[in-house]
Each structure stands twice: as structure tokens, then as C-alpha cells.
Amino acid sequence: MRTRSLPQGTGRRQLHEVEADKGAELERGAVDQLESILAYLRGEAQSEQLHEVERSTFQKLLSLGLTLVRYFLAEKGTGRDTSVQDSQGLELPYHSTRSCRYSSIFGLLDVPRAYFWRDGEGVAPLDAELNLPERRYSYLLQEWAKLIGVDESFETVTDRLEKFLGIQLWSQGIRNIALDAGPDVDAFYEQKGPPPPEEEGEILVAAVDGKGVPLRKEKTPRKARLGRGEKPNKKKEAVVSAVYTIDRHHRDVEDILREIDADGCFIEPSHELPERPEPCHKRLRATLAGKDVAFEEVRRQLDARDPDAAKERVFLSDGDPALQKRAQTYLGATSKVTIVLDLIHAVERLWDAVPAFHPEGSRESAHWVMQRLQMLLEGKVARVVGGLRQSVTKRKLSASKRRAVESAANYMDNNRRFMRYDEYLAKGYPIATGVVEGACGHLVRDRMEKTGMRWTIEGAQAILDLRAVDKNGDWQEFWRYR
């Protein structure tokens, strides 16, 4: 921190005169720069291509912007005339004028601030008045850096800002900004409040899934030994949650069969099918703190959006017993929640089993899967399970084929109570986890698993929090809150 001492005998009136002179000098400089830009546009620029004029003008405007910010600070003054009291209510005397370095979008500059001090207690009132960031990176620069950083590496952030603005930043500094901003996300959403009831859909939906985040290698103590089958530096699971409301979407079995292609994937419905309703106010989050923390957040969101438990609540599951158990514990404690097994996961199990009966990719294999899918949609899960198990008994299958069929049968048998698709369709419930599975991709994988990336838990959590803010459409509101 730099200190600018006043000449001996300089009084308050003389200080104001010095500041006024500096402001006048900067004002003249800004006018000269603006006239220079206009002269460039009238003269030299006339022989250049448009994109060259844009580039040159932008660079000149950055320089002008730096002068204008300095002019603003000169007009603002140092806060020397401010009356400051200590913790005992006594007036603190002026001590000196101290300058701090400030990184703006226009470049680096110094901010002179009057410093008041006595007996170990000191303050620069201008810091609060200007809302100077603790790390001295302007909040606008922080916002732009993190808006790039939620999608790209910290090194890419510094490279792009240098190319766009001519500002040289330290990638570690950008990382520190993320670490500072990430923890504010929880507080932001706690104060944000629920969406307006009139903008909500009829059904309240939650889904939770997991995606691995590669961690940095840590030195293993020489005496420490890994257990059998244990891998060093394995991934840490990011538990992704999605909460939203949606209107009922009534369909029959034939509608679903027409929405699913031969590979068991949902396709865009034709004009003959009812238009799918869009999720309302989708809220995505991701945590590295475990499933319980994720479900506590989901429960908080559900209760905030439906405090009277008046809405029908649906939890979409991929069949993971750990998620289903927590859904019953956390989400069914104060209201009834309907757990729905994602239909696509059930279809995938059918595809895993079909090579035991028909060649992969054949018309017969697709027909076999679609037949059993229709039975599932009609609520005949027991018949599908029974048929698979009978096939294991009656057919002379190889060990690998038998395991695939038994696995599919056991999966559906264990999830039978969550596969009442005939009832779900009648009620207009969603039956697929596409929202949260998509979130695992664009919220976690697309940033966390870029080539060569390894994370600390703290750094990964900060970026996941900021990415969630961006994907939720809350970026500008969040930065205003900060």
C-alpha cells in the first residue's frame, strides 16, 4: 500500500486546490483524447476497413475510459473532509493519504484515500463509499472474468481479457475471485425467495443424480497402502439436483411409443402429439458435500415453493437405492412424494438384455424391446419381470447373457413400486430424468472434465456454484447481490 504524505504546512484549502487542479488537468486530457478520436475518424480511418476502425476506436475508448475514471476519482476527492468516529464515539484525526491499486476494465489505476488513525484504530471512509472490492479487482471486471471462467479455464480467462481489454491479470487471482464468490451463492438463493405462485406449474418436481469430478493428485504417505481394488486420486462425486414445476402432460401409451425411437431415446414429438409443457423456474445446484446435503437443499427448495404442501410432488429417480431412500426420508417427511423411475433407464435395461434373444441392431431386437416397453407403460411390470426370468430358466443362455437378463429382471423387480407408468400417465406426471441428466452434462462434465483438468474440492465447488447461477439465469441478479 502506497502512502502519499502532504507537504509540511499544507492546509485543507490548499489540498482542495491541488485536487481541483488535478481534476482540471484530467478533464482537459479527456477532451483532448475525445478530439483525437474524432480527428482519427475524420482522417486516417477513412482509408481503413470497417473492422480496423472498430478495433482502433475500441482501444482508444479504453484509454479514454481510464482517463474518465481517474477524473471521476479526482472530482470525488479523497474523503479528507469526512468526519470519522472511533469505536468509542470520539473523532478520529486525519493521518495521511494512502493510495490503493485498483484493476478496472480500462486498466490499472491508483485510488487515493484519506486515512484516519489513532492508537491502532484506523479507517479510510472512501473504501465503503466507493464500495472498493477487497481484492482490488473491480466488481465489473470480476463479473466478466467469472462469466468467462464458468465455462473456461482460469488461464483462458486471463488470455481473453488481455486480448479483449489489454489487461494482464494473474490466473491465480482469477481463481481467488471464484473462491471468494462461490460461497455467496448459498446466501444469495436463501434470500432470493421462491418464484411468484402465478408463474408456477401444477406439479412440483425434483431430481437428483451424480457426476464425478477429477481431483488433483495428492501425495500418498509412504506407509499408506490402498485397499484391494481402491484407486488413487479417484473422482469425487458432484451430486446434482434440479427442482422445478411443470404443468400436467396427459398422454397415453401410444403417445409415449411414438415419442421414443428404436434406441429408446425420446425424440421431438410430431405435430400430432400434445405439445410438451416447459419446466417453470428450473433451479439447478451441485454439491461435493454428499447426497444428504443435496437432499437438504432440495427439501428447502420444495418447502419454499410449496409451503402448504398443496402441490403434488414427484421425485424422478434413475434407480439408485441410495437416492430413493433419501427421497423418502427427506422429501416424504412433511408431504407425500411420488417416486418415479426414469423410463429411459428401464428401456436401457431392456436393451442390455435383448442380445440374449436377438442379434443386436436387428429389426427383431427393436420389436422385442418395444413390446416390453408397451407392457411397462400399461403397468404390467410383473409380467415383464416374469418373462425375463422364465427365459433364463428355459433357454440355454451363456453365462454373460444370463447375467444381463437376470440384471434387467432384478432391476425392474426392485423398482416395481416406482414403475406405475399407467398411473403416472393418467395423472400427467413427467416420467423421464432428462432435466437433471442434462444438468450433469452441462453443469458438471462440460467444465470439470476438460482435458487435463484436476480440481481441489474448494475450487471445484466454487465453480459449480457459479455455473449453477449462470445456468439458472440468475447471473446479473447474483452480481448485484454481491
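Taking a cutoff of 4.0 Å between a charged side-chain nitrogen and a carboxylate oxygen, Arg258 and Asp255 qualify as a salt bridge. Between Lys76 and Glu129 there is a salt bridge, since at least one side-chain N of the basic residue sits less than 4.0 Å from a carboxylate O of the acidic one. Between Arg482 and Asp180 there is no salt bridge, since no side-chain N of the basic residue sits under 4.0 Å from a carboxylate O of the acidic one. Under 4.0 Å is where a charged nitrogen must lie from a carboxylate oxygen, and between Asp186 and Arg285 at least one such pair does. We find that Glu297 and Arg300 are joined by a salt bridge, their nearest charged nitrogen and carboxylate oxygen being less than 4.0 Å apart. Between Asp110 and Arg101 a salt bridge is recorded (basic side-chain N to carboxylate O distance below 4.0 Å). Under a 4.0 Å N-O distance rule, the pair Lys146/Asp470 does not qualify as a salt bridge. Remark: Arg118 does not engage Glu91 in a salt bridge, criterion side-chain N to carboxylate O under 4.0 Å.
The two atoms that bring Ala289 and Gln461 nearest to each other are N-OE1, 4.4 Å, heavy atoms only. Nearest heavy-atom pair across Tyr189 and Val469 is OH-CA, 3.6 Å. Minimum interatomic distance between Leu341 and Asp318 (heavy atoms only, all atoms of both residues): CD1-C, 3.7 Å.
Looking at His442 and Leu284, their side chains come closer than 4.5 Å, going by heavy atoms from C-beta outward. Side-chain contact check for Thr338 versus Tyr424: some heavy-atom pair is nearer than 4.5 Å. Phe478 has its side chain within reach of Leu466: a pair of non-hydrogen atoms, C-beta onward, lies under 4.5 Å apart. No side-chain heavy atom of Ser103 sits less than 4.5 Å from a side-chain heavy atom of Arg136. Using a 4.5 Å heavy-atom cutoff, the side chains of Arg305 and Pro195 are in contact. Taking the side chain as every heavy atom from C-beta outward, Val314 and Leu204 never approach each other to under 4.5 Å. Looking only at side-chain heavy atoms (C-beta outward), Tyr94 and Val84 stay at 4.5 Å or farther from each other. Side-chain contact check for Val123 versus Trp117: every heavy-atom pair is 4.5 Å or farther apart.
Taken to the nearest 0.5 Å, the CG atom of Leu179 stands 11.0 Å off from the CG atom of Asp465. Considering SG of Cys440 and CZ of Arg445, their distance stands at 9.0 Å, rounded to 0.5 Å.
Listed for the Thr57 side chain is no donor-acceptor partner under 3.5 Å among the backbone atoms of Glu54. Arg80 places no side-chain N or O within 3.5 Å of a backbone atom of Ala114 that could act as its donor or acceptor partner. Listed for the Glu202 side chain is a donor-acceptor partner under 3.5 Å among the backbone atoms of Arg248. A donor-acceptor contact shorter than 3.5 Å is absent between the side chain of Asp474 and the backbone of Glu477.
Side chains of His281 and Glu200: no donor on one and acceptor on the other come within 3.5 Å. Neither side chain, Asp320 nor Gln324, offers a donor N or O lying under 3.5 Å from an acceptor on the other.
Under a cut-off of 6.0 angstrom, the local environment of CD in Glu134 is sparse, with at most 12 non-hydrogen atoms contributed by other residues, nucleotides or ligands. Applying the 6.0 Å contact sphere to CD of Gln476 captures no more than 12 heavy atoms from other residues, nucleotides or ligands. Around CD of Glu121, the count of heavy atoms belonging to other residues, nucleotides or ligands within 6.0 Å exceeds 12. Few gaps surround CD on Glu198; more than 12 heavy atoms of other groups in view lie less than 6.0 Å from it. Counting non-hydrogen atoms of neighbouring residues, nucleotides and ligands closer than 6.0 angstrom, the NZ atom of Lys450 exceeds 12 such neighbours. Within a 6.0 Å radius of CD in Glu152, other residues, nucleotides and ligands contribute more than 12 heavy atoms.
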Legend entry - Intermediate values then yes/no, side-chain contact (heavy atoms from CB on, under 4.5 Å), Arg447 and Ile463: CA-CA 9 Å; Arg447 179 65 172 91; Ile463 290 297; 3.8 Å; yes

Inset, instruction - Could you please spell out the steps behind the side chain to side chain donor-acceptor pair (under 3.5 Å) verdict for Glu312 and Tyr429? - result: CA-CA 9 Å; Glu312 295 174 69; Tyr429 287 174; 2.4 Å; yes

Legend entry - Chi angles and distances behind the salt bridge (charged side-chain N to carboxylate O under 4.0 Å, His left out) call for Lys235, Glu449: CA-CA 11 Å; Lys235 290 183 177 181; Glu449 294 188 0; 3.2 Å; yes

Inset, instruction - Let me see the working for Val205 and Thr245 under side-chain contact (heavy atoms from CB on, under 4.5 Å), right down to the final yes or no. - result: CA-CA 6 Å; Val205 183; Thr245 58; over 6 Å; no

Inset, instruction - Check step by step if side-chain contact (heavy atoms from CB on, under 4.5 Å) holds for Thr97 and Arg113. - result: CA-CA 5 Å; Thr97 297; Arg113 309 115 66 232; over 6 Å; no

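Between Phe295 and Phe315, the ring planes are tilted. Angles from 30° to 60° get that label.
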Output side-chain donor-acceptor pairs under 3.5 Å for residues 66-74, partner residues at least two apart or in another chain, one line each.
{"residue": "Thr67", "atom": "OG1", "partner": "Gln33", "partner atom": "OE1", "Å": "2.5"}
{"residue": "Thr67", "atom": "OG1", "partner": "Ser63", "partner atom": "O", "Å": "3.3"}
{"residue": "Arg70", "atom": "NH2", "partner": "Leu108", "partner atom": "O", "Å": "3.3"}

Please report, to 0.1 Å, the donor-acceptor pairs under 3.5 Å made by any side chain of residues 34-46, with sequence neighbours excluded.
{"residue": "Tyr40", "atom": "OH", "partner": "Glu48", "partner atom": "OE1", "Å": "2.6"}
{"residue": "Tyr40", "atom": "OH", "partner": "Ser56", "partner atom": "OG", "Å": "3.4"}
{"residue": "Gln46", "atom": "NE2", "partner": "Leu41", "partner atom": "O", "Å": "2.6"}

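Just one of Arg299, Lys336, Lys311, Arg313 meets the salt bridge (Lys or Arg N to Asp or Glu O under 4.0 Å) condition when paired with Asp306; it is Arg313.
Residues passing the ring-ring contact (aromatic ring centres under 6.0 Å, His included) test with Tyr244, sequence neighbours excluded: none. Shown here are the side-chain hydrogen bond (donor to acceptor under 3.5 Å, both in side chains) partners of Lys291, two or more places apart in sequence or in another chain: Glu237. When the salt bridge (charged side-chain N to carboxylate O under 4.0 Å, His left out) test is applied to Glu52, no partner is found at least two apart in sequence or on another chain.
Under the salt bridge (Lys or Arg N to Asp or Glu O under 4.0 Å) criterion, the residue pairs touching residues 161-173 are Asp159-Lys163, with sequence neighbours excluded.
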